[in-house]
Peer 1: 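Handing you this structure, nothing more for now.
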Amino acid sequence: MIKVAMTSVYVDDVTKAHAFYTDVLGFETRTHMDLGGGTLFVTVGAAEGAQPDLQLLLEPGQGPIAEPYRKAVYEAGLPCIVFSVDDIEAEYERLRGLGVRFTRGPQEQGPFVTAVLDDTVGNLVQLAQPKG
């Protein structure tokens with residue numbers, strides 16, 4: 001069996017992304033290493049032991065491949081990643097209360113209710129909750 005262990009999201013600023021993903025979205029730090037020269041290796045994951053074997057790498061988004069890709073995805077209004085939530089209305093209100101900017105509030109999309117937020121570091125992130 002093959003399982004996802006780590007995936008990445010390109011970000012403008014790893015330190016700022018780390019703060020947003022932990023302090024605002026509620027993830028926990030899994031790895032935080034200074035590789036020298038201002039380069040950080042930072043992973044986050046679901047809090048409270050949920051999904052202990054899955055990490056999200058906050059990857060520097062500068063460079064000839066990452067930067068044009070990120071810009072094109074953002075400008076097209078496409079989320080770079082989808083996070084599952086138990087109560088999308090509650091998360092939407094909680095995050096709005098923390099000043100998070102949503103490009104789209106909760107709405108039905110097929111078998112899900114989804115919302116899209118700006119992660120402040122160059123990406124759109126979709127929250128999704130199964131209907132029913």
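All figures in this text were calculated on a predicted structure; none of them were measured in a lab.
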Peer 1: Could you tell me the separation between the CZ atom of Phe83 and the CD atom of Gln126, rounded to the nearest 0.5 Å?
Peer 2: 11.0 Å
Peer 1: Does Ile65 share a hydrophobic cluster with Val14, counting links as ILVMFWY side-chain heavy atoms below 4.5 Å and allowing steps through other members?
Peer 2: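 Different hydrophobic clusters.
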Peer 1: Assess whether a salt bridge exists between Glu67 and Arg70, defined as any Lys/Arg side-chain N lying under 4.0 Å from an Asp/Glu carboxylate O.
Peer 2: no
Peer 1: Less than 3.5 Å apart, which donor and acceptor atoms pair up between the side chains of residues 49-59 and the rest of the protein, not counting sequence neighbours?
Peer 2:
unit_1	atom_1	unit_2	atom_2	d
Asp53	OD2	Lys3	NZ	2.8
Gln55	OE1	Thr43	OG1	2.5
Glu59	OE1	Ser8	OG	3.4

Peer 1: Should Leu127 and Val24 be regarded as members of a common hydrophobic cluster, given that ILVMFWY residues are connected when their side-chain heavy atoms come within less than 4.5 Å of each other, either directly or indirectly?
Peer 2: yes
Peer 1: Is it true that Leu98 and Val85 fall in one hydrophobic cluster, defined by side-chain heavy atoms closer than 4.5 Å?
Peer 2: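 They do share one cluster, since a chain of ILVMFWY contacts under 4.5 Å joins Leu98 to Val85.
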Peer 1: Donor-acceptor pairs under 3.5 Å, side chain of residues 117-124 to any protein atom, not counting sequence neighbours: which ones?
Peer 2:
unit_1	atom_1	unit_2	atom_2	d
Asp118	OD1	Thr120	N	2.8
Asp118	OD2	Tyr74	OH	2.5
Asp118	OD2	Arg101	NH2	2.8
Asp119	OD1	Val121	N	2.9
Asp119	OD1	Gly122	N	3.4
Asp119	OD1	Asn123	N	3.0
Asp119	OD2	Tyr21	OH	2.7
Asp119	OD2	Asn123	ND2	3.1
Asn123	ND2	Tyr10	O	2.7

Peer 1: What are the two closest heavy atoms between Ala115 and Ile88, and how far apart are they?
Peer 2: N-CD1, 3.6 Å
Peer 1: Grab the two heavy atoms, one from Met6 and one from Phe41, that are nearest each other, plus how far apart they are.
Peer 2: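 Residues Met6 and Phe41, closest heavy atoms: CE-CZ, 4.2 Å.
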Peer 1: Testing the basics here: between Ala66 and Gly61, what is the closest heavy-atom pair and its distance to 0.1 Å?
Peer 2: CB-O, 3.5 Å
Peer 1: Would you say Ile81 and Leu78 are hydrophobically clustered, going by side-chain heavy atoms of ILVMFWY under 4.5 Å?
Peer 2: no
Peer 1: Got a donor-acceptor contact below 3.5 angstrom from the Gln129 side chain to the Asp86 backbone?
Peer 2: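 Yes, because the side chain of Gln129 sits within donor-acceptor range (under 3.5 Å) of the backbone of Asp86.
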Peer 1: Determine the sole option in His18, His32, Met33 for which the side chain to side chain contact (heavy atoms under 4.5 Å, CB included) test with Leu40 is passed.
Peer 2: His32
Peer 1: Once rounded to the nearest 0.5 Å, what's the spacing between atom CZ of Phe102 and atom CG of Leu95?
Peer 2: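 Reported to 0.5 Å precision, the distance equals 4.5 Å.
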Peer 1: Does Arg94, at its CZ atom, have more than 12 non-hydrogen atoms belonging to other residues, nucleotides or ligands within less than 6.0 Å?
Peer 2: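 Counting neighbours around CZ of Arg94, more than 12 heavy atoms of other residues, nucleotides or ligands fall under 6.0 Å, so yes.
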Peer 1: Check the hydrophobic clustering (I, L, V, M, F, W, Y; side-chain heavy atoms under 4.5 Å; chains of links allowed) and say if Tyr92 and Phe27 are grouped together.
Peer 2: yes
Peer 1: Residues two or more places apart in sequence or in another chain: which of them pass salt bridge (Lys or Arg N to Asp or Glu O under 4.0 Å) with Glu28?
Peer 2: Arg30
